Amino acid sequence: MHSNRGLSRRNCLETMSCSWGTELWDQFDNLEKHTQWGIEFLERYTKFVKERSEIELSYAKQIRNLSKKYQLKKNSKEEEEFKYSTCRAFLMTLNELNDYAGQHEVIAENLSTQITAELSRYTQELKAERKSHFHDGRRAQQYIENSWKQLESSKRRFERDCKEADRAQHYFDKMDADINVTKADVEKRCSLKAKQQAQMRHQVAEDSKNEYLTYLQKFNKDQHEHYYTLIPHIFQRIQEMEERRVGRVRESMRVYTEVEHKVLPIVSKCLDGMTKAAESIEPKMDSKQVVESYKSGFEPPGDVEFEDYSVSMKRAVSESSFLNARGESRRRSRSKLWPLLKRNKLSLKLGTGQEDYSHLPPEQRRKKLQAKLNDINKDIQKEMDQRDALTKMKDVYIKNPHLGDPDSIDPRLEEITQSLEKLQLEAHKFEGWLTEVERKLLEKGSESQRTQSSHFDSQGNTPLTNNYGQNRESPDGSYTEDPSTETTMQFKSRSTEFDDEFDDEEPLPTIGTCKALYPFEGQNEGTISMAESEMLYVIEEDKGDGWTRVRRNEDEEGYVPTSYIKLFLDMNAKDP
């Protein structure tokens, strides 16, 4: 049964003999309902595509906002982070994601213009066309119904006239057949008149018959034309209208998928870009970058020397020499382990950055100087290119005065020349600083190698020069060029180390001065009060806990917050 049904459907499609006018001639109301359902389906599908377009647009907007939220902001601390491959890969992913969002915007736009707008316009045209076709169908139905009513009216009239003619003829025959009726009575009863009446009724009946036959012929003709000409033609137009609607839905569904197919290659490229970004991450390179970013260039501190207190020490120095040696010893002992403390704290708190970057560790200073020199060289090259271009333009103006005035270029050339001179002086200055720091790094490296080679002698003793390379550097990254100072410090330190342990009451020497930026009330034990702009002597730097030890006079000393003061370190400062 199913095979026969499929075969008949194929034959119908092949011969194109399926006609609503002939096969659905009596289904006018059902066709009206079906076409109305078709329009409602078209509107529902249009609404579906519209909502899909809105979803794509909203999704694209959210993706763009997400990408923008995590993008690198200008002049932010995040710029430093993007020297790592992970951060660069993340930035590439964000850029690809932004392009990915753009493709969803393309989908939304194409769905809106190619489907939603077109189907909305077509639906209005379809409604108007459907209304016209069914109006013609109702008018044809009204006409055939009127023709049928005329036929029924003539038929009833013919039937009535036939019955009246029969009654008149029957009455005449009855009178004529009565033998008891005298001639006078016959005349009296108007037998002739009855005869004439019967004849008239017969004539009327004959006329009604002819009229009935006329209307019957007319109705049959109208009915044939209605069911074989008018209705098939109207239904054929409705069928074509419905087939165009179905074809339009088919085309819209094809466009619906084609819209997304067109952006798939670009979406695929975006995803490939994200994959490439992930593959570009190099753990080893990031580890190397950490070294490049934070390497100071300093050497680790050397071994702490053995201090033998069992040997009696001769006090062969004066009191003033003793105090100076004691101060030097304390400062040296502090500088021994300074790489383990927070460096550059003072310059960071006060916000002082020097032009030659001397406040930075040697390695970082070298990198900063090299980067600055590279930027200056780029600016020099840019200015030179502009100068060459202006020189060529001036030559053209000299050869062709109608193109321009050669003298008009001289002010700009003079300006570029002055700029070049400034940049070259700047470059020379930074080259000198860079050469100096590279020389110091080279010397430090060679001394470090000598220290390591002489670290273990045949007796296993540590040589006297062990800490020489270490103590040439100070916490602010500067260098001590005079090695005799180191030897003197060691000598003075050795001569007073024993007395330092038993003479704690001796006042500490000053290492500089400070100015109070804000007033401070030292209410806790060990602190000291100070007024705004008051000058105090510094006797001990901040050890990393946020407090600096200061002195006002011999009897007044204590700690103040480091952030409340401005330090002026001076090794030659004297006690009040």
Side-chain angles (χ1 to χ4, degrees), residues 70-95 276-302 335 337-349 351-382 423 426-452 469-480 544:
Y70 287 93
Q71 280 285 355
L72 174 65
K73 296 178 178 58
K74 293 183 179 179
N75 300 326
S76 66
K77 295 181 179 179
E78 295 179 358
E79 289 184 356
E80 189 69 16
E81 299 176 359
F82 279 83
K83 59 191 175 185
Y84 299 108
S85 61
T86 50
C87 296
R88 292 195 300 270
F90 181 51
L91 181 61
M92 292 172 58
T93 301
L94 292 177
N95 293 335
K276 189 178 296 183
E279 293 174 350
S280 68
I281 296 177
E282 295 288 343
K284 295 293 185 182
M285 293 299 296
D286 281 7
S287 297
K288 183 179 179 181
Q289 188 61 51
V290 173
V291 175
E292 295 292 327
S293 300
Y294 301 111
K295 181 180 178 181
S296 66
F298 296 123
E299 295 295 332
S335 66
L337 298 177
W338 71 263
L340 305 178
L341 304 177
K342 292 184 178 178
R343 294 177 286 107
N344 306 325
K345 178 174 60 179
L346 178 62
S347 61
L348 290 174
K349 286 184 178 179
T352 58
Q354 300 180 12
E355 185 183 11
D356 60 351
Y357 302 108
S358 60
H359 62 288
L360 296 177
E363 187 67 27
Q364 297 300 318
R365 182 188 181 195
R366 183 187 65 79
K367 292 177 184 176
K368 287 288 185 179
L369 290 172
Q370 185 65 57
K372 182 68 176 179
L373 188 59
N374 292 339
D375 294 339
I376 295 175
N377 288 331
K378 289 180 182 178
D379 294 338
I380 291 174
Q381 185 62 41
K382 188 185 300 183
L423 289 173
E426 193 81 4
H428 181 70
K429 178 172 62 175
F430 278 92
E431 284 175 354
W433 289 334
L434 182 60
T435 303
E436 177 188 359
V437 72
E438 287 179 345
R439 178 179 59 80
K440 291 180 179 180
L441 285 172
L442 187 61
E443 291 176 357
K444 185 188 68 171
S446 61
E447 290 180 2
S448 175
Q449 291 178 358
R450 288 199 300 271
T451 301
Q452 292 176 2
Q470 300 293 329
N471 294 327
R472 291 185 61 198
E473 302 159 356
S474 62
D476 59 354
S478 61
Y479 287 78
T480 303

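Please read all numbers here as calculations on a predicted model, not as lab measurements.
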Inset, instruction - Applying side chain to side chain contact (heavy atoms under 4.5 Å, CB included), name anything that partners N374, two or more places apart in sequence or on another chain. - result: Q370
Inset, instruction - Measure across S293 and K83 and return the closest heavy-atom pair with its distance rounded to 0.1 Å. - result: OG-NZ, 2.5 Å
Inset, instruction - Give, for atom CD1 of I380 and atom NZ of K382, the distance between the pair rounded to the nearest 0.5 Å. - result: 12.0 Å
Legend entry - Inter-residue atom distance S85.OG - K288.NZ, 0.5 Å rounding: 13.0 Å
Legend entry - Distance in Å, T93 OG1 paired with K276 NZ, rounded so as to fall on 0.5 Å steps: 12.5 Å
Inset, instruction - With the side chain counted from C-beta on, respond yes when R88 and S280 share a heavy-atom pair under 4.5 Å apart, and no when they do not. - result: no
Legend entry - Least distance between heavy atoms, N377 atom then A427 atom: OD1-CB, 4.4 Å
Inset, instruction - Count the heavy atoms of every other residue, nucleotide or ligand shown that sit under 6.0 Å from NZ of K429, and state whether that count exceeds 12. - result: yes
Legend entry - L94 versus Y70, closest heavy-atom pair with distance: CD1-O, 3.1 Å
Inset, instruction - Supply the atom-to-atom distance K378 NZ to Q381 CD, rounded to the nearest 0.5 angstrom. - result: 11.5 Å
Legend entry - Closest contact, heavy atoms only, I281 versus T86: CG2-CG2, 3.6 Å
Inset, instruction - Could you tell me whether the side chain of Q71 reaches within less than 4.5 Å of the side chain of N95, counting heavy atoms only? - result: yes
Legend entry - Spacing of W433 atom CH2 and H428 atom NE2 [to the nearest 0.5 Å]: 11.0 Å
Legend entry - Donor-acceptor pair, side chain of D286 and main chain of Y84, under 3.5 angstrom: no
